[in-house]
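Written below as structure tokens is the structure these notes are about.
Predicted model, so just to flag it, every value in this text is computed and none were measured. Each ligand, and each atom within it, is numbered from 1 in the order the structure gives.
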Amino acid sequence: MKIYNTLTRKKEEFIPENENEIKIYVCGPTVYNYFHIGNARPFVVFDTLRKYLEYRGHHVKYVQNFTDVDDKIINRAREEGATPSEISEKYIREYFKDAEALNVKEATAHPKVTENMDEIILFIETLIQKGYAYEVQGDIYFDTKKFQEYGKLSKQNMEELDSGSRVEVDTRKRNPIDFALWKAQKQQDEISWDSPWGKGRPGWHIECSVMSSKYLGGTIDIHAGGQDLIFPHHENEIAQSEALTGKPMANYWMHNEFINIDNEKMSKSKGNFFMVRDILKEYDPEVVRFFLISGHYRSPINFSRELMVQARNALSRLNNAKTNMEHLLENAENETIQPEESIKLEALLRYKQKFIDTMEDDLNTADAISVVFELVREINSSVTDKSSRAFMKALYEFFMELTAVLGLLQKPQTQEVDADILKLVEDREQARKEKNFARADEIRDVLKEKGFTLKDTTQGVKIERIDH
Ligand code: AMP
Ligand code: ZN
């Protein structure tokens with residue numbers, strides 16, 4: 001398989017450290033809210049990588065952390081009069097609900113910062129002993145000048161980095177880009193842990209260095225996440241881990257492009273996001289998964305209703321093919337495969353190699369999906385109600401084998417918002433564009449009668465089922 005490695009900016013042949021056990025670490029969510037469709041992209045994309053490697057017979061050890069100590073969690077807890085752990089525990093539970101809906105397999109381990117505090121402290125102590133970190137009033141910083149290769153992932157040199165971060169120079173730091181490994185407690189009621197440097201909590205980057213080595217060990221095969229993590233998060237992880245061990249942290253660094261809204265990154269902080277939880281009120285989870293892998297992971301996707309509808313239509317063609325095959329299989333009169341069917345079957349099985357070739361090319365799920373559609377067209381023209389059961393069974397299993405790698409067609413479709421409802425939503429938007437507000441209100445009432453409410457947001461209209 002070829003993988004585009006951010007570290008070398010090249011597609012490289014993927015050679016695992018150990019063929020028998022591939023080790024993957026994916027940076028997980030900060031748990032202070034439901035996750036949005038942008039966050040879902042790395043979860044689904046790298047889960048598809050895992051499914052593919054497992055399909056090819058590898059055993060995969062897959063770790064995805066939860067960042068459960070963070071300013072955003074603390075702020076959210078304050079707002080809601082809850083404790084940080086109540087907030088993080090809640091959103092970890094909610095993560096699993098949405099991830100399961102999207103058919104993202106549970107990781108081999110889902111470690112949390114709060115459960116790895118001793119290891120984090122030990123890691124920082126070792127960095128201090130080795131001269132890579134220093135203390136200032138209870139804060140510990142990583143000395144970036146000491147790590148010669150700092151900047152190698154994001155391809156920036158020290159001077160650029162130094163001048164780029166002058167704006168918020170903290171004069172207590174030796175170099176402007178030094179980053180915190182440990183933050184001293186500022187207020188008495190702030191969540192904190194005891195450490196050799198007094199009460200405090202870890203900086204963000206250290207957790208992944210610690211958890212990657214604790215749960216996967218030494219040099220791992222693939223470290224992955226969204227491309228916003230290249231700098232500073234992954235650059236800093238490399239500095240911490242490689243300063244400590246003297247060995248590469250990971251051999252391949254994979255980064256997915258963004259899900260955008262109006263060509264701007266979807267993000268919680270900008271407020272331009274759609275939560276998966278809300279999208280699932282309108283679309284079947286498999287439509288969301290299909291949408292997320294219908295583009296190559298290194299191409300940006302602009303999230304829009306139009307694309308979601310396209311995804312739904314495309315997926316329903318696959319579902320129809322599946323139902324059709326099931327039907328023919330059930331009603332087949334001939335048990336045994338006919339000679340001409342054997343020839344057809346052999347021809348169709350060639351699609352397997354085609355499918356594999358596209359996936360081997362840096363996980364090109366977009367082309368792999370096209371191969372599945374080509375296969376469907378061929379199947380449709382090869383089967384009739386005279387086809388034998390054996391032939392139908394072989395085709396069906398083959399088709400289901402390929403779609404399973406993509407994590408699709410695994411569950412019966414849940415009830416979706418019907419096309420006529422969506423048509424009404426579109427008509428209403430049109431009416432509003434034409435400033436025909438009376439008509440728009442009328443349609444809103446019709447939708448309400450049918451059990452749907454509409455919310456106008458800055459990103460467009462959101463449709464929701466009224467819960468009774
Ligand atoms: P966070 O919870 O913000 O730490 O993000 C979890 C994961 O989602 C990280 O791998 C991010 O890089 C990724 N991510 C965040 N926003 C987007 C986006 N708009 N498109 C794709 N990936 C994203
Ligand atoms: Zn990380």
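Distances between N or O atoms of M266 and those of ligand 1 include at least one value under 3.5 Å. Below 3.5 Å of separation, one finds no N or O of G225 facing any N or O of ligand 1. In terms of N/O distances under 3.5 Å, ligand 1 is approached by G38. Polar contact with ligand 1: present for G226 (N/O pair, distance under 3.5 Å).
Residue-level proximity to ligand 1 for E257 is carried by the backbone, the only part with a heavy atom below 4.0 angstrom. Heavy atoms of T67 found under 4.0 angstrom from ligand 1: none, in either backbone or side chain.
Using 4.0 Å as the threshold, S267 has no heavy atom nearer than that to any atom of ligand 1. Contact between H255 and ligand 1 is absent, with no heavy atom of the residue lying under 4.0 Å from the ligand.
If you check which protein heavy atom lies closest to atom 11 (C) of ligand 1, you get D228 OD1, 3.5 Å. At the shortest separation from atom 4 (O) of ligand 1 among protein heavy atoms lies T30 OG1, 3.6 Å. In terms of protein heavy-atom proximity, atom 20 (N) of ligand 1 is nearest to I259 N, 2.8 Å. Atom 5 (O) of ligand 1 has N39 ND2, 3.2 Å as its closest protein atom, hydrogens excluded (heavy atom only). For atom 9 (C) of ligand 1, the closest heavy atom belonging to the protein is L229 CD1, 3.8 Å. Nearest protein heavy-atom contact of atom 16 (N) of ligand 1 is K265 CE, 3.4 Å.
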Just do the salt bridge (charged side-chain N to carboxylate O under 4.0 Å, His left out) check on E80 and K90 with the steps written out, would you? CA-CA 13 Å; E80 296 198 3; K90 170 176 176 189; 5.6 Å; no
Working for salt bridge (charged side-chain N to carboxylate O under 4.0 Å, His left out), residues E94 and K97: CA-CA 5 Å; E94 301 301 337; K97 287 186 202 161; 3.3 Å; yes
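By the 4.0 Å N-to-carboxylate-O rule, E242 lies close enough to K152 to be salt-bridged with it. Classification of K281 and D278 as a salt-bridged pair holds, one side-chain N sitting under 4.0 Å from a carboxylate O.
Around the Zn ion (ligand 2), the angle linking H233 (NE2) with E237 (OE2) is 70°, rounded to 10 degrees. Here the angle at the Zn ion (ligand 2) defined by SG in C208 and SG in C27 stands at 130°, rounded to 10 degrees.
E207 lies apart from the Zn ion (ligand 2) in this respect, since none of its N, O or S atoms is found at a distance under 2.8 Å.
In this structure, W204 and H233 have parallel ring planes: the angle between them is below the 30° cut-off, well short of the 60° mark. Using the six-membered ring where Trp is involved, F147 and Y132 have ring planes that are perpendicular, over 60° apart on the 30 and 60° scheme. Ring geometry for H234 against W253 counts as tilted: the plane angle lies between 30° and 60°, on a 0 to 90° scale.
Cation-pi geometry between R76 and Y32 is not satisfied (NZ or CZ under 6.0 Å from the ring centre, within 45° of the ring normal).
Within a 6.0 Å sphere centred on CD of E306, heavy atoms belonging to other residues, nucleotides or ligands number 12 at most.
Contact annotation: the side chain of Q64 approaches that of Y95 to within less than 4.5 Å [non-hydrogen atoms, C-beta and beyond].
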